[in-house]
There are 2 protein chains.
Amino acid sequence: MNDILINCPLFKDIEAEEIQRIFDKIFYQMKEYEINEIIAYQDEKVEHLIILLEGIARGEMVDISGKTIVIEEIESPKPLAPAFIFGINNNYPVNIVSQTNTKILKIPKFEFVKMMQRSDKLLINFMNNVSGRAQFLSQKLKFLSFHSIKGKFAYYILNLAKNNNTNYITLQLSQNKLAELFGVTRPSLARAIRELHNDKIIRADAKNIQILNTYELYELMK
Amino acid sequence: MNDILINCPLFKDIEAEEIQRIFDKIFYQMKEYEINEIIAYQDEKVEHLIILLEGIARGEMVDISGKTIVIEEIESPKPLAPAFIFGINNNYPVNIVSQTNTKILKIPKFEFVKMMQRSDKLLINFMNNVSGRAQFLSQKLKFLSFHSIKGKFAYYILNLAKNNNTNYITLQLSQNKLAELFGVTRPSLARAIRELHNDKIIRADAKNIQILNTYELYELMK
DNA sequence: TCACACGTGTAACATATGTTACAAAATTGA
DNA sequence: TCAATTTTGTAACATATGTTACACGTGTGA
């Protein structure tokens, strides 16, 4: 088990013996699931930290008619819904279903608290995980609040320019990733960039962008 | 100071003597600010937990042109940007500026980790805070990320129906308010409702809505 | 070396939403 | 009760974005 946990983000930079110590006298369970079994139910209270040790699971929403919508895939080794263990509304946001044969580790919440108090690395790893999630969502929300693709792109490159203190930017993400971050399609993003280029607001050549008209970019963000 | 902290969400349900114990041999600073002083700088790395003890602060974004946009107000006693202490991108997301005379408590990150390891209540309170933030954002994002007006409206009335356990709903908000909530224009919302009515997915008469086809409403939410 | 995946550029067309405008119905206040 | 105001219904048109498809270059692994 420890060999697997070492690769889990919650136990990052924690050695095997240290993991051993953290788990000492902690009550936990191991469970195995066949394919397509439900590991956790949507809206059920989260009472445990569940770590997916082996296999792949998926989160899916269920509607009244019984139809399901797959939300995301979760690969091992990873904790399931870590941002929903604590907080006001600590219920599973989705059904979690095994997509292959899977093996999980189930630790009661209060035991997990104990574990975090034993290991500052575990504590910090968990914090990083949940905080990272909040930060990711926060950023994504900001992007969604700009109405137009050009507005989102303007915001994005203006931030890069500001951070690097230059008008010459090299995009680090692919158009695909960027489009995903913005919540738009890739061709639409490409078109927006092209139009900004044609309007001489930026000069765009593949991933290299030069900002020509900062004022117009700000206007687009409104 | 303890009298103030008792009302801070991070120290909820922790008694004064317990707070005393948690702070024992912890290094921290108190600082005071006049009105309109910057307490923390946007994009600066978060190295401390800062708790606003007295006064009111505001978060504001600054763009290159020097224009500022107020994002939120923060009242005492509350931690500043708790979701940005840990995580990948732990920089202040905004400038934090005193809006009145303020007094703050500044605890280095590593000391705060120590404190959480001393007190499971503090640990859980902090977790609840950050997780609650993630959950709130997640909820908000779900709402904003419905691509279509029909999707947002479907989500809205399905929630109402679920809460009241009926298929007959009376909208409490005017179309104007609702359109504003969705971030769309009023005629567009009216059109969406009309089309749902024409497609016999709902029966809409002014503010009175009857859900006819739950399945289709769920489809619209994709 | 070659097939293949991947990222990018672009085009034609479909669709959703915004914009503007006006009329009818409902509500409000005197 | 009646005028004024708000709310709702609707239409024509403009625009932004999505959808689908294909071409081109680049790197990569067999």
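Quick note on labels: first sequence line is chain A, next is B, and so on, each numbered from 1.
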How close or far is atom [atom2] of [N] from atom [atom1] of [X], stated in whole angstroms?
X      : N      : atom1 : atom2 : value
B:L189 : C:dA16 : CG    : C1'   : 14 Å
A:K150 : D:dA16 : NZ    : P     : 7 Å
B:N208 : D:dT7  : CG    : P     : 17 Å
A:K152 : D:dA16 : NZ    : C1'   : 12 Å
A:L173 : C:dC6  : CG    : P     : 17 Å
A:E180 : C:dC6  : CD    : P     : 14 Å
B:L196 : D:dT8  : CG    : P     : 16 Å
B:L178 : C:dT17 : CG    : P     : 14 Å

Do [X] and [Y] have side chains that approach each other closer than 4.5 Å (heavy atoms only, starting at C-beta)?
X      : Y      : value
A:M116 : B:M127 : yes
B:N36  : B:R58  : yes
B:K109 : B:E47  : no

How would DNA chain D look in dot-bracket form, 5' to 3', counting Watson-Crick and G-U wobble pairs with both distances under 3.5 Å and writing | for bases paired to another strand?
-> ||||||||||||||||||||||||||||||

Is B:R194 near enough to D:dT10 that one of its side-chain N or O atoms lies under 4.0 angstrom from OP1 or OP2?
->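 So the side-chain polar atoms of B:R194 do come within 4.0 Å of the phosphate oxygens OP1 or OP2 of D:dT10, strictly under.
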
Just to confirm, is there a sub-4.0 Å distance from OP1 or OP2 of D:dG18 to any side-chain nitrogen or oxygen of A:S188?
->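 A:S188 to D:dG18 OP1/OP2: side-chain N or O found under 4.0 Å.
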
For B:N176 and for A:E195, locate the closest nucleotide of DNA chain D by heavy-atom distance; then report the residue assigned to the nucleotide nearer the 5' terminus.
->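 Of the two residues, B:N176 wins.
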
Let me know, please, whether B:S174 or B:R191 comes out on the 5' side of the other along DNA chain D by nearest nucleotide.
->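 Result of the comparison: B:S174.
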
Between the side chain of B:Q135 and the main-chain N/O of A:A83, is any donor-acceptor distance below 3.5 Å?
->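 Yes, B:Q135 side chain to A:A83 backbone: donor-acceptor pair under 3.5 Å.
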
Sub-3.5 Å donor-acceptor pair from the side chain of B:T100 to the main-chain atoms of B:G55, do we have one?
->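 Between the backbone of B:G55 and the side chain of B:T100 there is no qualifying donor-acceptor contact (under 3.5 Å).
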
Closest nucleotide among D:dT8, C:dG18, C:dG7 to the A:K207 side chain |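 Looking only at side-chain atoms, A:K207 lies closest to C:dG7.
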
Between C:dG18, D:dG18, D:dG9, which one does the side chain of B:Q175 approach most closely?
->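 For the B:Q175 side chain, the nearest candidate turns out to be D:dG9.
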
Grab the N/O contacts between the protein and nucleotides 20-28 of chain C below 3.5 Å, and write none if there aren't any.
none

Could you label the plane-to-plane angle of the A:F126 and A:F112 rings as parallel, tilted or perpendicular, counting under 30° as parallel and over 60° as perpendicular?
->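 Because their plane-to-plane angle is over 60°, the rings of A:F126 and A:F112 count as perpendicular.
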
Crowding at NZ, A:K207 (>12 non-hydrogen neighbours, <6.0 Å) =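 Counting neighbours around NZ of A:K207, more than 12 heavy atoms of other residues, nucleotides or ligands fall under 6.0 Å, so yes.
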
Take B:I169 and B:N164, measure what side chain to side chain contact (heavy atoms under 4.5 Å, CB included) needs, and give me the verdict at the end.
-> CA-CA 8 Å; B:I169 297 151; B:N164 301 331; 5.7 Å; no

Where do A:P79 and A:L49 come nearest, in terms of heavy atoms and distance?
->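 Nearest heavy atoms, A:P79 then A:L49: CB-CD1, 3.9 Å.
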
